[in-house]
Every structure is written in C-alpha cells, then in structure tokens.
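Report on one structure; see the data block that follows.
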Amino acid sequence: MKILYFSWVKQRIGHGVETVTLPPSVNRTGQLREWLLDRSPGHRAALADAEVLRVARNLTYCDWEEPIADGDEIAFFPPVTGG
Amino acid sequence: MKILYFSWVKQRIGHGVETVTLPPSVNRTGQLREWLLDRSPGHRAALADAEVLRVARNLTYCDWEEPIADGDEIAFFPPVTGG
Amino acid sequence: MVRIQQEDFDPGHELALLSQIGPNVGGIASFVGLVRDMAGGRPVTALTLDHYHEMSVKMLENIEAEARARWPLLGVTLIHRYGRLSPGERIVFVGTAAAHRQAALDSCSFLIDWLKTDAPFWKEETGPAGRQWVAPRKEDEERRKRWRQ
Amino acid sequence: MVRIQQEDFDPGHELALLSQIGPNVGGIASFVGLVRDMAGGRPVTALTLDHYHEMSVKMLENIEAEARARWPLLGVTLIHRYGRLSPGERIVFVGTAAAHRQAALDSCSFLIDWLKTDAPFWKEETGPAGRQWVAPRKEDEERRKRWRQ
C-alpha cells in the first residue's frame with residue numbers, strides 16, 4: 001500500500017512517500033494511522049494526534065473508519081491552507 | 001435655471017439642456033416638473049408621469065418636495081440602467 | 001479611483017495597478033461587464049450608453065467612499081464607458097484590493113450592485129427591430145437593498 | 001478549466017479567454033491571491049506551497065463542477081501555483097463568466113471559499129525568524145459553511 005505525507009507531517013517523518021505491507025489486522029484508516037506510529041519517532045511525532053490530521057483515500061477525503069485495501073493510496077496531512 | 005434631460009426623457013423633449021426663468025410660484029422640484037409640462041407636447045410626453053422619473057438637484061438625487069433656487073442645476077431622467 | 005470614458009480599458013493593466021499598490025495586498029477582486037449579443041431574447045447589434053457626466057463622477061466617487069468606509073480596502077478602481085458599443089465590448093470595470101480576500105470580494109459585489117442602481121447611465125439597445133431603452137431590473141433594486149444603507 | 005502549476009499566470013490573458021467564450025458572456029468576476037510581505041505581524045520573505053498534485057486536480061475539478069451545478073456559468077478558470085514564491089507574486093486565480101453578474105460574482109466567492117478549505121495545498125512562510133507552516137483560519141471554515149453543501 002502506498003502512503004503519502006504532506007506539509008509538516010512529511011517534514012516530521014522525513015519523507016513524503018512510502019510503501020507498506022499491512023498485517024491482516026489493519027483494515028481501516030484509523031488502524032493504519034496507529035500502526036504507522038511505531039515505524040519511527042518521526043512517524044509518532046507526525047501522526048500521534050488524529051485531531052490535527054486529515055486523511056484521504058484514493059484522492060478523496062475520508063474519516064478514520066474508512067476501510068482500506070491493498071492497492072489504495074492513503075495520504076495523511078494537516079488541514080489545508082491554500083488559496 | 002439650468003435643466004438637463006437624459007435617456008428617453010431627452011429624446012421626447014428633443015434636447016438635453018435648457019435654461020428657464022421660473023415664476024415665483026415654482027419653488028420645488030415637483031412644481032418645476034408640472035410647470036415644464038406646458039412648454040411643448042414633448043415635455044408633456046416626457047414628464048407627465050412622475051412615477052417613472054428620477055430627479056436630481058445639483059448632482060444629488062432628491063424627491064419632488066426638494067426646494068429649488070436660481071443657479072441650481074436640475075436633471076430629469078428615468079431610473080438608471082448602467083453597469 | 002473613478003474613470004468615466006468613451007475609450008476601452010485593459011482589465012489586465014487595471015489588475016496589475018491594483019496589485020502594485022503595496023506589499024500588503026493579498027487579494028484582488030474584479031468584475032468586468034460586457035455587451036451581450038442578446039437581451040431578453042432579442043438580438044442586440046449595438047448598445048449606446050447615455051450618461052450624466054458630472055453626476056456619474058460624483059456618484060461613483062460616493063460609492064467608492066462608501067465601500068472604503070465599510071471594508072479595509074487598499075485600492076478601488078471604477079471605470080464606466082459611455083457611447084456606442086458593440087457586442088463583446090467592455091462596459092464597466094470594478095476592481096478592489098485588500099489584505100484579505102473577504103474585503104476584496106464583498107466590496108466588489110457591493111460596488112457593482114450600487115453602481116447599477118445609483119450611477120446615472122442609461123443603456124439603449126439597437127437590434128434588427130430598432131432601438132429600445134433598457135428597462136431597469138427589479139432584481140437590481142433588490143440586490144442593492146441587501147446592502148442596506 | 002483547472003491548472004496547477006509552478007509558473008506564473010497572466011490574469012489579463014485569463015480574463016480575455018473568459019470574455020471570448022461566447023457572445024452571451026455579460027459578466028466576468030475574478031479573484032487573484034497574492035503573497036503578502038507580512039502575516040500575523042511577522043515579515044514574510046518567501047512563501048512555499050506544498051501540494052498533493054493528483055488530489056488537488058481532482059478537488060479543483062470537483063469544486064468547478066459544484067459551482068457549475070449551482071450557477072449558470074459559461075466559463076470557469078481555476079489556477080493554483082505551488083513551489084517557492086516571493087511577496088507580491090500571484091498564488092491563485094479564480095475566474096467565472098456568466099450571462100449575468102450575480103452568477104459570476106457569487107460563484108467566484110464560492111470557488112475561492114471552497115478552494116481554501118478543500119484543495120490540498122499547504123503554505124509555509126519564511127521570514128527572519130525562520131520557517132513556519134501557516135495555521136488554518138477558523139474564518140475560512142466559517143465562510144465555507146455559509147455555502148452549505
């Protein structure tokens with residue numbers, strides 16, 4: 001599964017893209033976020049507080065209950081500030 | 001006193017500017033409008049219906065009770081349609 | 001800044017001037033009105049604008065002052081043409097510059113709404129069936145009222 | 001029409017394209033967002049925009065479709081830049097063309113309000129004190145909500 005990070009999430013993690021192989025127990029975006037925390041201190045610093053994060057599945061905003069499947073592209077980022 | 005006409009008011013009257021000398025009984029914009037009606041059939045056609053007219057005294061919209069004085073510039077025209 | 005003129009104007013140039021007002025300009029809103037080739041289902045081959053020049057200048061200056069009193073604007077440009085125009089030609093430009101977009105956008109709508117009901121211009125349409133003065137639209141009066149004086 | 005690009009754009013050219021869509025265009029509204037030299041009282045020497053490209057394209061296309069569903073629009077142009085920009089540089093362009101001004105003006109406000117809260121771009125300000133990611137503004141959320149989905 002392809003995971004993308006942006007803005008300060010990317011900075012804290014140290015890179016913007018990674019490919020992960022999920023254990024069978026990780027089936028939703030919220031579970032994925034928790035599972036990613038242990039990959040590095042940067043991941044923990046970036047992803048610990050779900051309140052300040054947004055998540056998108058296959059280019060569409062979703063919530064932390066969204067089911068995920070192999071082949072999905074999941075992105076984690078802060079609230080947007082463009083325009 | 002200088003009187004200006006615009007749009008179809010000007011067309012019906014046949015000219016856009018005239019200078020008039022008022023009798024002492026004509027002291028308000030409404031009285032001026034009525035007094036102008038007899039100047040020509042065009043004036044009557046243009047000025048008979050106060051409901052479809054606007055009036056301005058010295059470049060400012062006013063109503064038919066506005067006092068007028070020698071030296072004023074009074075304009076009669078339809079509701080505006082610019083922009 | 002108010003300009004009432006027969007000649008055309010360049011919207012890109014007007015936007016550039018607004019953006020050059022100062023380094024605090026964060027947003028520029030604009031509206032350009034064009035002559036349409038149809039009006040109320042009738043073809044239009046030309047639009048002729050009559051206007052009361054001195055009063056138009058004064059009313060547009062008043063409208064600009066009112067907008068500046070309501071919003072923190074860094075720049076305002078109002079341009080209105082008069083004379084005979086063809087379909088596709090520009091009639092009016094409203095541009096506003098502000099630090100934040102809300103002031104620029106809201107004041108731009110305000111300015112064109114007020115200009116429509118307050119500035120002494122009159123449109124006459126020419127088409128195959130002849131010439132006809134444009135009737136005021138009730139909708140314009142209502143939009144003007146939304147801004148309660 | 002949606003464009004997401006690093007290079008600058010020409011607002012005058014974009015307005016000209018919108019006015020050339022057809023002879024029924026009567027009004028064109030636009031908004032241009034610029035980099036300011038100050039933010040929250042701090043000097044800004046550069047603004048860097050991160051973005052999620054494929055999702056930005058998709059979200060802006062969705063926003064355009066939503067505006068076209070709500071208003072009778074003849075043209076929509078959305079341009080958003082990314083990368084490192086200096087104060088005074090253009091960030092974003094929103095342009096709308098319609099037969100009447102209300103649709104053009106209202107949809108232009110709508111588009112920039114939605115873009116602000118929905119398009120995945122992130123601003124980082126550089127100043128004498130270092131670099132800092134811009135915090136989302138509550139006001140933007142509230143303006144977005146006014147348009148109730």
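Proteins come first, then strands; the chains are lettered A, B, ... in the order of their sequence lines, and each starts at number 1. Everything quoted here is computed from the prediction, not taken from an experiment.
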Worksheet item: NZ/K116(C) to OG1/T81(B) distance, rounded to the nearest 0.5 angstrom?
Response: 8.5 Å
Practice prompt. Mark yes or no for whether W133(C), through its side chain, and S7(B), through its backbone, hold a donor-acceptor pair below 3.5 Å.
Written response: no
Worksheet entry | Side chain / backbone / both / neither for E54(C) at chain B, heavy atoms under 4.5 Å | both
Worksheet item: If you measure from CG on L59(B) to CG on N62(C), what distance do you get to the nearest 0.5 Å?
Response: 10.0 Å
Worksheet, complete the sentence: Max heavy-atom pairs within cutoff under 4.5 Å with chain B, candidates D113(C), V134(C), L115(C), goes to V134(C)
Worksheet, complete the sentence: Correct closest heavy-atom pair for V80(B) and W122(C) would be CA-NE1, 3.6 Å
Response to the item:
To the nearest 0.5 Å, atom CD of Q11(B) lies from atom CZ of R131(C) at 7.0 Å
Worksheet item: Going from CZ on F77(B) to CZ on F121(C), what distance comes out if it is rounded to the nearest 0.5 angstrom?
Response: 11.5 Å
Fill in: Which atoms of K58(C) approach chain B - backbone, side chain, both or neither, heavy atom under 4.5 Å
side chain
Practice prompt. Please round to the nearest 0.5 Å and tell me the distance separating atom CE of M55(C) and atom OH of Y61(B).
Written response: 4.5 Å
